[in-house]
A.B. asks: 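The structure follows.
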Amino acid sequence: MESSGDHTGFENIEVYGAREHNLKDINVMIPRNKLVVITGISGSGKSSLAFDTIYAEGQRRYMESFSAYARSFIGNMERPDVDKIEGLSPVISIEQKTISRNPRSTVGTVTEIYDFLRLLYARAGEAYSYLTGNKMVRQTEDQIIMHIVQHYLHKKLILLAPVVKGRKGHYRELFVQIRKSGYTKVRIDGELMDIVPKMQVDRYKTHDIEIVIDRIKVLDSEKYRIAQSVKTALQQGKGVMMVLDEEGKVHHFSKHLMDPESGLAYDDPAPNTFSFNSPYGACPVCHGLGTIEKITKESVIPDPSLSISRGGIAPLGEYRDIWIFKQIQAILKRYGADLSTPINKISEEVIDILLYGDKEPVAIPSVKYPGTDWNVKFEGIVNFLEKQKEQGTEKTRDWVREFMVVQECPECRGARLKKEALSYKVAGKNIAELAGMDIHHLGEWFENIEEKLTDKQKRIAAEILKELRKRIRFLLEVGLNYLHLNRPLKTLSGGEAQRIRLATQIGTQLVGVLYILDEPSIGLHQRDNHRLIKALKDLRDLGNSVIVVEHDKEMMVASDFILDIGPGAGVHGGHIVAEGPPKEFLKRGSLTAGFLKNKLKIDVPQQRRHPNGKWLELSGATGNNLKKVTLRLPLGTMTCVTGVSGSGKSTLIHDTLFPILNQHFYRSRRKPLDYESIKGLEYLDKVVEVDQSPIGRTPRSNPATYTGVFTEIRQLFAGLSEAKIRGYKPGRFSFNVKGGRCETCEGAGLKLIEMDFLPNVHVPCETCKGKRYNRETLEVRFKGKSISDVLEMTVEQAVEFFENQPKIYRKLKVLNDVGLGYITLGQHATTLSGGEAQRVKLAAELSKRDTGKTLYILDEPTTGLHFQDIQHLLNVLNVLVDRGNTVLIIEHNLDVIKVADYIIDLGPEGGEDGGEIVCAGPPEAVVREKRSYTGKYLKKEL
């Protein structure tokens with residue numbers, strides 16, 4: 001690099017006067033074509049600088065380049081609050097929030113690997129018949145003529161052209177048309193007939209109809225006639241013809257792909273034949289999802305020991321004097337049972353009638369006309385629910401969904417495609433088998449595929465294979481070797497989805513771009529961290545600038561430049577505390593530098609808690625890649641579940657253990673993955689899970705409403721004497737319903753001014769001046785503060801203000817303890833950073849009354865947290881454990897792992913080679929285990 005900077009002539013991205021959110025009018029120089037880490041306490045303004053200023057401005061400038069007409073469709077980008085930015089390249093942001101929730105999005109479709117596989121199969125796949133397993137052949141006219149002359153010399157043959165194949169109808173017009181074309185005979189369902197006027201066949205049966213084109217004796221002298229007849233037969237049969245020999249045997253010929261034995265023909269394959277998102281390729285039963293929703297007997301009758309009158313049939317509930325119970329009563333009476341008979345004492349045949357209906361009408365005695373009966377047909381409970389699912393209102397559909405169970409599709413067995421698509425093979429495997437392999441094995445399979453291909457296939461596939469290998473290599477480079485192509489995107493963690501997008505970006509090989517990433521190391525084990533860092537450096541070496549918002553030590557040390565924003569969070573942040581290359585950065589006195597130098601650190605506890613002798617034992621778990629795992633969880637401790645990415649942590653905890661507990665305590669419908677047994681449930685009475693899903697991102701949601709503390713505050717205000725005199729109920733103090741809110745802005749406090757060609761502007765509402773409520777509501781005051789003043793308090797102020805209101809105090813205290821003292825109660829959820837949202841959610845769950853027998857399950861709670869914030873979080877968790885509760889954390893962060901009382905390490909590798917518990921015990925024991933990767937890295941910390 002010359003000193004004059006790169007081809008843009010700029011050495012730095014220069015930001016002047018950034019004031020977005022909490023940034024305090026700062027000026028920043030960020031070197032170009034370097035790997036830059038922006039770090040700092042959660043909520044200090046890292047994302048405000050990286051995403052809301054630099055990215056937003058780059059995006060806006062790109063949009064400005066469109067014509068005004070085009071911009072009117074896209075909508076306008078807001079101009080970030082910054083004086084100017086120099087040296088900005090086109091920007092691509094890779095965030096965590098962009099995970100698609102669509103069940104049709106899979107790892108294969110997002111990385112485009114599946115699209116290339118579809119192309120490979122469409123162009124180079126070999127078709128086999130799904131009836132006989134024979135290889136399908138296609139023949140030219142000349143080949144068919146040669147075949148007839150060689151194999152049927154001196155025999156009498158009838159040449160047929162199929163026009164109807166296995167379809168219903170009377171076909172009157174067809175026969176008229178055939179006759180007009182000059183043919184006199186047809187073969188219907190295997191029988192030769194003459195065509196007569198007004199001829200037709202049975203309309204409700206399926207038929208096969210062929211035109212008799214010619215009847216010939218095969219001789220060398222008749223070659224010309226045979227050729228003409230074959231040509232005509234192929235024309236009439238749209239490329240397919242049949243030959244009927246003297247013994248009455250039929251032989252099939254086709255210009256398309258065809259099985260010579262059964263006559264089964266396929267259309268020529270196109271890439272969409274192999275797409276499960278296209279009607280041409282998707283399995284007709286599950287429409288390409290691989291699973292179907294079905295109402296099963298078990299979901300309708302969860303507890304067969306109950307009688308029907310006591311609510312044994314879940315959708316009906318307990319007995320009421322309604323029509324359906326009278327129908328059921330009449331059916332049971334016919335079979336000698338009644339509504340108070342337990343369901344398991346009623347015969348299977350009767351249960352079948354109740355669920356699936358009956359042909360015979362039932363007689364129900366009339367109330368209006370005594371002595372007479374109503375005769376009605378009973379449609380069956382399952383059929384009724386199915387009908388409601390199709391035709392009911394949104395509310396009814398949601399209700400029916402409670403009785404649905406997701407099952408593997410019986411037609412395609414989860415392969416998502418039609419039989420025809422699954423019958424094409426390349427090197428002996430069909431496309432669904434490849435989509436079911438993990439990336440590691442898929443890469444190996446493609447390494448030496450050439451040996452198994454024919455020369456023609458090699459020539460066709462050369463380019464496609466090059467693209468496939470390239471994309472697979474990039475996925476391996478970012479440490480995603482354990483994913484398979486069929487894995488739905490919605491089941492990935494934020495970090496995994498982000499690394500997939502990163503791999504796709506590296507694959508595009510762009511130059512001169514500014515990439516901004518948001519914590520790509522989430523969900524990544526220390527072992528794979530260097531792979532990610534290498535991928536980012538490769539991106540930089542191509543000639544791109546890379547900015548990473550990150551809290552990971554290794555990433556900071558490996559970067560070219562660190563920018564630390566702080567010193568506090570929210571109002572107390574927004575300044576640049578320290579900046580420079582890692583070596584110089586360490587000499588600064590900032591909080592982050594302190595942690596990097598190990599001057600400040602999270603201390604390992606002197607004394608670890610010993611298990612209290614009570615264990616929760618889950619045995620024989622075999623979901624996904626688990627190999628008959630037995631999990632023994634010591635209660636009353638803080639336990640970490642660790643292991644490399646893809647080793648089965650989420651499968652074991654999130655998909656097996658949590659649904660079991662959820663079913664046990666709360667009757668949830670979600671089915672756990674396969675397991676044999678669970679012991680020790682009697683020691684627990686409650687389970688709370690905090691997962692990675694984002695909190696509601698609407699301006700109407702805020703920390704007060706999310707944690708539920710606002711409900712308590714509204715009740716407090718409604719209980720004040722002033723409110724009672726005026727007859728105000730808690731609803732009066734809500735800004736989401738009519739009554740107390742300002743109607744001009746409908747309680748939002750802001751008004752949206754729509755501007756053509758310019759971005760929409762939010763201005764404070766002129767009626768209420770941004771207070772959200774009308775004047776009367778604001779006249780009710782508690783300790784001199786109105787409800788609007790309360791929403792504008794920070795959590796720190798509110799904790800003091802409400803210290804004598806135990807219910808409110810408890811919830812606010814937890815928010816304060818996790819380090820969110822600086823946010824205001826009414827801050828729009830849309831303006832919370834990832835780490836803040838994560839902690840608001842934690843606080844909402846952790847402030848629920850603990851019973852001393854509660855199990856808390858946390859999935860990577862350190863997402864978006866700085867070393868300092870992790871310390872706050874651990875303090876809160878330790879208080880919970882000290883009260884006798886159990887905290888179970890799925891985590892890669894060594895600062896949390898080293899503080900745990902007990903570690904359960906899964907592995908040893910990810911994907912197929914994982915799924916076992918490598919070791920379990922206190923951290924000191926895990927360090928000694930040779931096979932554990934976690935132990936290896938933990939050693940350095942201890």
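If you read the sequence from its start, that first residue is 1, and numbering goes on from there. These values consider heavy atoms only, across backbone and side chains, with no hydrogens, waters or symmetry-generated copies.
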A.B. asks: Please name the residue in the list S278, P269, P271 that meets the side-chain contact (heavy atoms from CB on, under 4.5 Å) test with R118.
C.D. replies: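 Output: one option passes, namely P271.
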A.B. asks: So do the side chains of R469 and I449 get within less than 4.5 Å of each other, counting heavy atoms only?
C.D. replies: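 With C-beta onward as the side chain, the pair touches.
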A.B. asks: Under the criterion salt bridge (Lys or Arg N to Asp or Glu O under 4.0 Å), I'd like the reasoning laid out for E126 against K135: C-alpha separation, chi angles, the key distance, then a yes or no.
C.D. replies: CA-CA 8 Å; E126 295 173 327; K135 195 169 168 187; 3.5 Å; yes
A.B. asks: For H892, is there any backbone N or O sitting under 3.5 Å from a side-chain donor or acceptor partner on E860?
C.D. replies: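 No; zero donor-acceptor contacts below 3.5 Å.
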A.B. asks: Where the side chain of K418 meets the backbone of P279, is there a donor-acceptor pair that is under 3.5 Å apart?
C.D. replies: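 Answer holds: yes.
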A.B. asks: Parallel, tilted or perpendicular, judged at 30° and 60°: which one describes the rings of Y266 and Y130?
C.D. replies: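 Answer is parallel, since the angle falls under 30°.
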A.B. asks: Could you note down all residue pairs passing salt bridge (Lys or Arg N to Asp or Glu O under 4.0 Å) where residues 419-430 supplies at least one of them, sequence neighbours left out?
C.D. replies: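 Pairs touching residues 419-430 that pass the test: E411-K419.
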A.B. asks: Determine, for R499 against E496, whether the closest basic-nitrogen to carboxylate-oxygen distance falls under 4.0 angstrom.
C.D. replies: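 Salt bridge absent between R499 and E496.
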A.B. asks: Kindly indicate whether the side chain of H252, heavy atoms from C-beta on, has any atom under 4.5 Å from the side chain of V240.
C.D. replies: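 They are not in contact (no side-chain heavy atoms under 4.5 Å apart), so the answer is no.
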A.B. asks: Salt bridge (Lys or Arg N to Asp or Glu O under 4.0 Å), that's the test. Do D455 and R459 meet it? Break it down for me.
C.D. replies: CA-CA 6 Å; D455 286 344; R459 277 211 304 283; over 6 Å; no
A.B. asks: Less than 4.5 Å apart, any side-chain heavy atom of D552 and any of L524?
C.D. replies: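 No, side chains not in contact.
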A.B. asks: Just wondering, do Y937 and R527 contact through their side chains at under 4.5 Å, heavy atoms?
C.D. replies: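 Heavy-atom side-chain distance check passes, below 4.5 Å.
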A.B. asks: Do H440 and E444 have a side chain donor and acceptor closer than 3.5 Å?
C.D. replies: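 There is such a pair (donor and acceptor under 3.5 Å, judged by atom type) between the side chains of H440 and E444.
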A.B. asks: Taking side chain to side chain contact (heavy atoms under 4.5 Å, CB included) as the definition, give me every residue that meets it alongside D674, ordered by chain and number, with sequence neighbours left out.
C.D. replies: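 D674 satisfies side chain to side chain contact (heavy atoms under 4.5 Å, CB included) with T622 once adjacent residues are dropped.
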A.B. asks: Among all residues two or more places apart in sequence or in another chain, which pass the salt bridge (Lys or Arg N to Asp or Glu O under 4.0 Å) test with K255?
C.D. replies: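 Here the qualifying residues are E141.
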A.B. asks: Taking the side chain as C-beta and beyond, is there a heavy-atom pair between F446 and L465 under 4.5 Å?
C.D. replies: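 Counting from C-beta outward, F446 and L465 do come under 4.5 Å.
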A.B. asks: I'd like to know if the side chain of K456 and the backbone of A124 have a donor-acceptor N/O pair within less than 3.5 Å.
C.D. replies: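 Checking the backbone N and O of A124 against the side chain of K456, no donor-acceptor pair under 3.5 Å is found.
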A.B. asks: Before giving the answer on salt bridge (Lys or Arg N to Asp or Glu O under 4.0 Å), spell out for E519 and K46 the whole-Å C-alpha distance, their side-chain angles and the decisive distance to 0.1 Å.
C.D. replies: CA-CA 11 Å; E519 278 207 81; K46 302 183 299 298; over 6 Å; no
A.B. asks: Is L417 close to N430 at the side-chain level, that is, under 4.5 Å between some pair of heavy atoms?
C.D. replies: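 Side-chain contact under 4.5 Å: no.
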A.B. asks: Quick one about D259 and T132 (side-chain donor to acceptor, distance below 3.5 Å, no hydrogens or angles considered), yes or no?
C.D. replies: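 There is such a pair (donor and acceptor under 3.5 Å, judged by atom type) between the side chains of T132 and D259.
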A.B. asks: Does either side chain, that of N624 or that of D655, offer a donor lying less than 3.5 Å from an acceptor on the other one?
C.D. replies: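 Looking only at side-chain atoms, D655 and N624 do not form any donor-acceptor pair under 3.5 Å.
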A.B. asks: Do F51 and S93 touch side chain to side chain, with heavy atoms closer than 4.5 Å?
C.D. replies: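 Yes. Closest side-chain heavy atoms under 4.5 Å.
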A.B. asks: Using a 4.5 Å cut-off on heavy atoms from C-beta on, say whether the side chain of L159 contacts that of T232.
C.D. replies: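 SC-SC contact between T232 and L159 ruled out.
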A.B. asks: Run the salt bridge (Lys or Arg N to Asp or Glu O under 4.0 Å) test on R931 and E916 for me, step by step, so that the C-alpha distance in whole Å, both residues' side-chain angles and the decisive distance to 0.1 Å come before the verdict.
C.D. replies: CA-CA 11 Å; R931 286 166 51 210; E916 305 168 43; 3.7 Å; yes
A.B. asks: Using side chain to side chain contact (heavy atoms under 4.5 Å, CB included), reason through E550 and S559 one step at a time and then give a plain yes or no.
C.D. replies: CA-CA 11 Å; E550 186 59 277; S559 68; over 6 Å; no
A.B. asks: Over 60° means perpendicular and under 30° means parallel, so tell me whether Y114 and F276 are parallel, tilted or perpendicular.
C.D. replies: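 Because their plane-to-plane angle lies in the 30° to 60° range, the rings of Y114 and F276 count as tilted.
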A.B. asks: Please determine whether side chain to side chain contact (heavy atoms under 4.5 Å, CB included) holds for the pair Y424 and I431, giving the CA-CA distance in whole Å, both sets of side-chain angles, and the decisive distance to 0.1 Å.
C.D. replies: CA-CA 8 Å; Y424 285 84; I431 193 163; over 6 Å; no
A.B. asks: Can a donor-acceptor pair be found between the side chains of Y933 and E909 at a distance below 3.5 Å?
C.D. replies: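 On atom types as modelled, these side chains qualify, holding a pair under 3.5 Å.
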